[in-house]
Amino acid sequence: MEKALVLFFGLLVFTSCDTINNDVVQEDECDLPSELIQEIASYQPTVNRIIDSVTKGKHRGQPYKLLEDFIDKFGARQAGTKNLEDSIDYVFDLMRKYNLENVHGENVTVPHWIRGHESAEMLQPRKAKIAVLGLGGTISTPPEGIEAEVLVVRSFDELNQPNVSAAAKGKIIVFNNDYITYGKSVVYRSQGAVKASQHGAVAALVRSVTPFSMYTPHTGHQSYRDDVKKIPVASITVEDAKMLQRYQDKGIKAVIKLHLQSEHYPDATSRNAVGEIVGSQKPEKVVIVSGHIDSWDVGVGAMDDGGGAFISWYSLALLKSLSLQAKRTLRVVLWTAEEPGFKGVHQYEKDHKNELDNFTFVMESDEGVFTPLGIEYTAGVRGGCVLKQIVKLLEPINATSTKYYDSVGSDIAIWARKIPTASLYNTNENYFWWHHSDADRLEVLDPDNLDKATAVWAAVSFIIADLKDEFPREFNDISTLSNSKIIETLNTLKQKPTR
Ligand SMILES: *[C@@H]1O[C@H](CO)[C@@H](O)[C@H](O)[C@H]1NC(C)=O
Ligand SMILES: *[C@@H]1O[C@H](CO)[C@@H](O)[C@H](O)[C@H]1NC(C)=O
Ligand SMILES: *[C@@H]1O[C@H](CO)[C@@H](O)[C@H](O)[C@H]1NC(C)=O
Ligand SMILES: *[C@@H]1O[C@H](CO)[C@@H](O)[C@H](O)[C@H]1NC(C)=O
């Protein structure tokens, strides 16, 4: 992917079951001082308390229970809506009830685009309803809709061929790109409207970016360009994209009538939601745990990113309830407006630019909260080695793996290789089945997994905030490691952004 896109989407890798030994940093290449290894090992009783209280004790099931109440009350929480702001106020009340300190919001200007009526009907070769979901920020069709013949392409390269380009004029372009990885496939969603318009198309329909479908369209962010005529753009299901391809391959003409209505309102004010446990000795040094509070308007945003947001603030609630105060400050930040383009984190970076050097470690869970396996991270070799020692303490919940990537998280990817960052390493290989669709519901998540993930999040953030020395702030030595080439290739193949 091109650089701008990498920065914009934040590269992130989704992991499969090849766990355990596929970290770039191997333990036999670590040479941490034995005092540090002993210092980390001394946290085992603390980690056991954390684990026991949230997997067996009084906190068991609480992250899920509180998320359930939240999701059932608010449902989807789209940027720009009053519902999102009400849900943020509700989380402030929760944070205060669980004794977090300095609970407050920090203003962010966010876009406000609201989906209206949407429908599509195939008129030829037979009449049939086509499921559609407008992509974020799409313009509307004229009220009477757009009726046009369909031209299916599998790739931008195919569209660029002179005879295909010539045929595109006046058509509805259907992008039937196979799912390879999210990162490779999502460009058809983010750039499909612009590319189709450049070839004279009247609308674009993009095959949903997912490896699995039960006839569900998936929405997501897309970008127009100021110098290219805007055309309406929506996602369709994998099944319909393949059907339209079959018609075309057999020389059968397909005609679709598309209706998309939506409103672009003036920008609105939202808030990043913040709470803390102020550090006892170095309060100016901060370890951030985070997720994003907003969601798309379809489904209820339980997986993306209700789970990540709730394990994050609840980790601090749990530590507080166990009277665990670290030397450094622990800060939860629930980013707003991640979905329409990382608006919350970008504002936060501006507002806190003098504090960035004091951010010891930044964590974000936005890749699902399935069975936790450990920690994914962006740091140098010494940082990787420290994390390996820390996750050993998570043996009681089998979350002892680490995995290096060039960038982790979604919002926090803007700090990759500037600040050590981490994400929850979990069995999220099916994440994109539900992502940005009506199927992102509470039932995707599991209470026991949320408990374990909360334990990982609380234990790792607490130890890093409490260690005598700063977490190593170095990034430059990963490529010298013996197995880094193999792993890096593996990672490149799997690279995916989250949005
Ligand atoms: C945040 O936004 C609200 C509502 O728009 C406004 O009343 C308040 O003054 C803003 N706060 C800051 C610190 O700018
Ligand atoms: C473009 O040309 C290729 C062969 O050169 C052909 O297979 C394809 O069907 C043509 N596509 C269109 C839309 O004319
Ligand atoms: C960052 O930390 C240093 C000392 O560790 C402190 O002097 C400075 O005020 C802190 N900066 C901010 C913005 O908190
Ligand atoms: C950890 O893994 C072991 C061996 O696979 C299994 O017996 C145990 O139940 C697991 N523990 C948890 C908490 O998942």
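Both counts, for ligands and for their atoms, begin at 1 and track the order of listing.
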Inset, instruction - For the pair H346 and F342, name the ring-plane relationship: parallel under 30°, tilted 30 to 60°, perpendicular over 60°. - result: perpendicular
Legend entry - Student check: side-chain heavy atoms of L123 and E147 closer than 4.5 Å: yes
Legend entry - Smallest separation among heavy atoms of R49 and L324, with atom names: NH1-CD2, 3.9 Å
Inset, instruction - Heavy-atom contacts with P396 under 4.0 Å: which atoms of ligand 4 show up? List them by number with element. - result: 13 (C)
Inset, instruction - Give a yes or no on whether K230 atom NZ has more than 12 heavy-atom contacts from other residues, nucleotides or ligands under 6.0 Å away. - result: no
Need the list: ligand 3 N/O atoms against protein N/O atoms, distance under 3.5 Å, rounded to one decimal.
residue, atom, partner, partner atom, Å
ligand 3, 2 (O), N358, OD1, 2.9
ligand 3, 2 (O), N358, ND2, 2.4
ligand 3, 5 (O), E284, OE2, 3.2
ligand 3, 11 (N), N358, ND2, 2.9

Legend entry - Short side-chain to backbone donor-acceptor contact, S461 and W457, under 3.5 Å: yes
Inset, instruction - May I ask you to test the I51-L393 pair for a side-chain heavy-atom distance under 4.5 Å? - result: no
Inset, instruction - Under 4.0 Å from a heavy atom of K452: give me the atoms of ligand 4 that qualify, with their elements. - result: 14 (O)
Legend entry - Any donor-acceptor N or O pair under 3.5 Å, side chains S165, H199: yes
